[in-house]
Chemist: 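Handing you a structure now.
All ligand and atom numbering here is 1-based and tracks the order in the structure.
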Amino acid sequence: MKIAIIGGGIGGLSAALHLLNAGFDVQVYEQAPRIGEIGAGIQISPNASRLLIRLGLKPAMDKVGVRPQAVHQRRWDDGRTLQRAPVGLEVETAFGAPYYHFHRGDLAELLGAAVPAERVHCSHRLVDLEPKGERVIARFENGASVKADLVVGADGIHSRVRHLLFGPEKPRFTGCVAWRGLVPVERIRHLDIEIASHNWMGPDGHFVHYWVAGGQFMNVVCIAEHGTWTSESWTSRGEVADALARYEGWHPSVRTLIAAFPETFIWALHDRLPLPCWSDGRVTLLGDACHPMLPFMAQGAAQSIEDGAALASLLKAMPDDVSAALRRYEEIRKPRATRLQEASANNRKRFHLPDGPEQQARDEAMATSGDRSIANIGWLYGHDASVVA
Ligand SMILES: Cc1cc2nc3c(=O)[nH]c(=O)nc-3n(C[C@H](O)[C@H](O)[C@H](O)COP(=O)(O)OP(=O)(O)OC[C@H]3O[C@@H](n4cnc5c(N)ncnc54)[C@H](O)[C@@H]3O)c2cc1C
């Protein structure tokens, strides 16, 4: 079976690896002139890392990844930790795979290096799809066209494939903006910050930071409500002074981290409502193309990795009935992805509560119930997407 994957992001590349492993003839078509991610950090939880490890990527992941010890939920003003949930050895032991923090560029590079170069076609922007019986012709802006038995749209939140399948419908601006910065370790060594993910929650915003690139940089993301910036781009420059002004009154460590930004980029957070279905004929979707979500569960890329693993297992199990495999793919994947889209949207409310009774109830619940305890997080981290029986 010839499979054309549109999009060489984290979802497309990892799907290519899973499908190649399952014995299919896979080609990846990416619009950019080269494979690589810009932007800053990305968290990869055990539900996704176990799938990448199975592809033989552990040595490369260990080389560039950081293994955090914990996730701290903290107060915006006094810095108090409301909950410290383990994600180190306890999580690795419980779920059989580690939690990693990566620089996006490092993760994209290691995925890209694992796909045979002759199977990756850069500078190929998909413009059209034409069904031809049991096959589909994909046409590209550069004039090239290919025929495939299956086309997989892994082309992100603005997916052209989704548009061609289900018509025009734009992603929604959520009203949240994110300033991002990568702070070199030399600038903040004196803060002695634990190798952990730190999530500071405050009125109308939260603030996340964790080490990446083998501990050389602190990835910092400042998420604020009521943004007016609406462009999504990893390369749109913002002003450090604007971010500092927005975090006026927050804990000194938060402000020290922002002030240490060598530069900052601003990103408008968009999402979409869950789609009724993901496939049509011999074309399907994965990752942000079908279930973009706010990054407040740190699961968008992880879910795209799960999609590719599930799709490969199903096609391998039913190579003679692609339609049945795609139906099953949706049946299995959609409820989980939808749950995470909803949980991410819900975390926006939880993380941004103004100080008051609701916030006090949230803090109390975090301190006592431990909503990120091993027992409570098993449904997420313990899942093995390649098991599709
Ligand atoms: C601030 C922020 C923090 C995040 N943190 C996390 C995190 O910690 N953990 C996590 O799991 N997720 C996180 N996410 C979500 C994650 O980044 C996305 O869910 C993930 O990148 C989606 O991968 P994808 O491959 O589906 O899409 P993309 O990464 O968008 O890749 C799509 C690819 O398709 C290409 N493309 C687009 N159109 C075409 C076309 N017409 N023809 C050919 N190629 C095309 C693009 O160039 C791109 O390379 C975060 C997101 C944001 C914004």
Chemist: Evaluate the side-chain hydrogen bond (donor to acceptor under 3.5 Å, both in side chains) criterion for residues N219 and Y210: first the C-alpha distance (whole Å), next the side-chain angles of each, then the deciding distance (0.1 Å), finally the verdict.
Modeler: CA-CA 5 Å; N219 174 60; Y210 51 87; 3.3 Å; yes
Chemist: Side chain, backbone, both or neither: which part of H124 comes within less than 4.0 Å of ligand 1 when only heavy atoms are counted?
Modeler: backbone
Chemist: Is L269 in polar range of ligand 1, meaning some N or O pair under 3.5 Å apart?
Modeler: no
Chemist: Should Q299 and S344 count as side-chain neighbours, where that means a heavy-atom distance under 4.5 Å?
Modeler: no
Chemist: For G287, take its heavy atoms, then give the atoms of ligand 1 lying under 4.0 Å from any of them.
Modeler: 26 (O)
Chemist: Checking contacts here: is it the side chain or the backbone of A298 that comes within 4.0 Å of ligand 1, counting heavy atoms only? Could be both or neither.
Modeler: both
Chemist: Taking N or O atoms only and a 3.5 Å limit, does A301 qualify as a polar contact for ligand 1?
Modeler: yes
Chemist: So, regarding W267 and ligand 1 (criterion: nitrogen or oxygen to nitrogen or oxygen, under 3.5 Å), is there a contact or not?
Modeler: no
Chemist: Run the numbers for me: atoms of ligand 1, each under 4.0 Å from some heavy atom of I10, listed by number.
Modeler: 25 (O)
Chemist: Identify, by atom number and element, the atoms of ligand 1 in contact range of I6, meaning under 4.0 Å from any of its heavy atoms.
Modeler: 42 (N), 43 (C)
Chemist: Are the ring centres of Y381 and H383 closer than 6.0 Å?
Modeler: no
Chemist: Give the C-alpha distance, both sets of side-chain angles, the deciding distance and a yes or no for salt bridge (charged side-chain N to carboxylate O under 4.0 Å, His left out) between D242 and R246.
Modeler: CA-CA 6 Å; D242 290 344; R246 181 61 186 72; over 6 Å; no
Chemist: Relative to ligand 1, is Q299 under 4.0 angstrom through side chain, backbone, both or neither, heavy atoms considered?
Modeler: backbone
Chemist: For Q43, take its heavy atoms, then give the atoms of ligand 1 lying under 4.0 Å from any of them.
Modeler: 7 (C), 8 (O), 9 (N), 10 (C), 11 (O)
Chemist: Per the side-chain contact (heavy atoms from CB on, under 4.5 Å) rule, which among I157, D307, L273 passes with H291?
Modeler: D307
Chemist: Where does the angle between the aromatic ring planes of H72 and H198 fall among parallel (under 30°), tilted (30 to 60°) and perpendicular (over 60°)?
Modeler: parallel
Chemist: Looking only at distances, can you tell me whether any N or O atom of L286, backbone or side chain, sits closer than 3.5 Å to an N or O atom of ligand 1?
Modeler: no
Chemist: For ligand 1, which atoms sit closer than 4.0 Å to a heavy atom of Y29?
Modeler: 43 (C), 44 (N)
Chemist: Answer yes when R75 and D355 have at least one side-chain N-carboxylate O distance shorter than 4.0 Å, and no when they do not.
Modeler: yes
Chemist: Can you confirm, on distance only, whether ligand 1 has an N/O atom lying under 3.5 Å from any N/O atom belonging to R180?
Modeler: no
Chemist: If you draw the axis of the six-membered ring of W278, does the NZ or CZ of R162 fall within 45° of it and under 6.0 Å from the ring centre?
Modeler: no
Chemist: Show which atoms of ligand 1 fall inside a sub-4.0 Å distance from at least one heavy-atom site of P295.
Modeler: 2 (C), 3 (C), 4 (C), 50 (C), 51 (C), 52 (C)
Chemist: Taking 4.0 angstrom as the limit and counting only heavy atoms of R160, give me the atoms of ligand 1 inside it, by number and element.
Modeler: 41 (N)
Chemist: Does E225 come within less than 4.0 Å of K349, counting only side-chain N to carboxylate O?
Modeler: no
Chemist: With ring pair (Phe, Tyr, Trp, His ring centres under 6.0 Å) as the test, pick out the partner of H206 among Y247, W250, F296.
Modeler: F296
Chemist: Just checking I195: does its CD1 atom have more than 12 heavy atoms from other residues, nucleotides or ligands closer to it than 6.0 angstrom?
Modeler: no
Chemist: Applying a 4.0 Å heavy-atom criterion (strictly less than), which segment of R104 is in contact with ligand 1: side chain, backbone, both, or neither?
Modeler: side chain
Chemist: Taking both backbone and side-chain atoms of E30, is any N or O found less than 3.5 Å from an N or O belonging to ligand 1?
Modeler: yes
Chemist: List ligand 1 atoms under 4.0 Å from A154, heavy atoms only on the residue side.
Modeler: 32 (C), 33 (C), 34 (O)
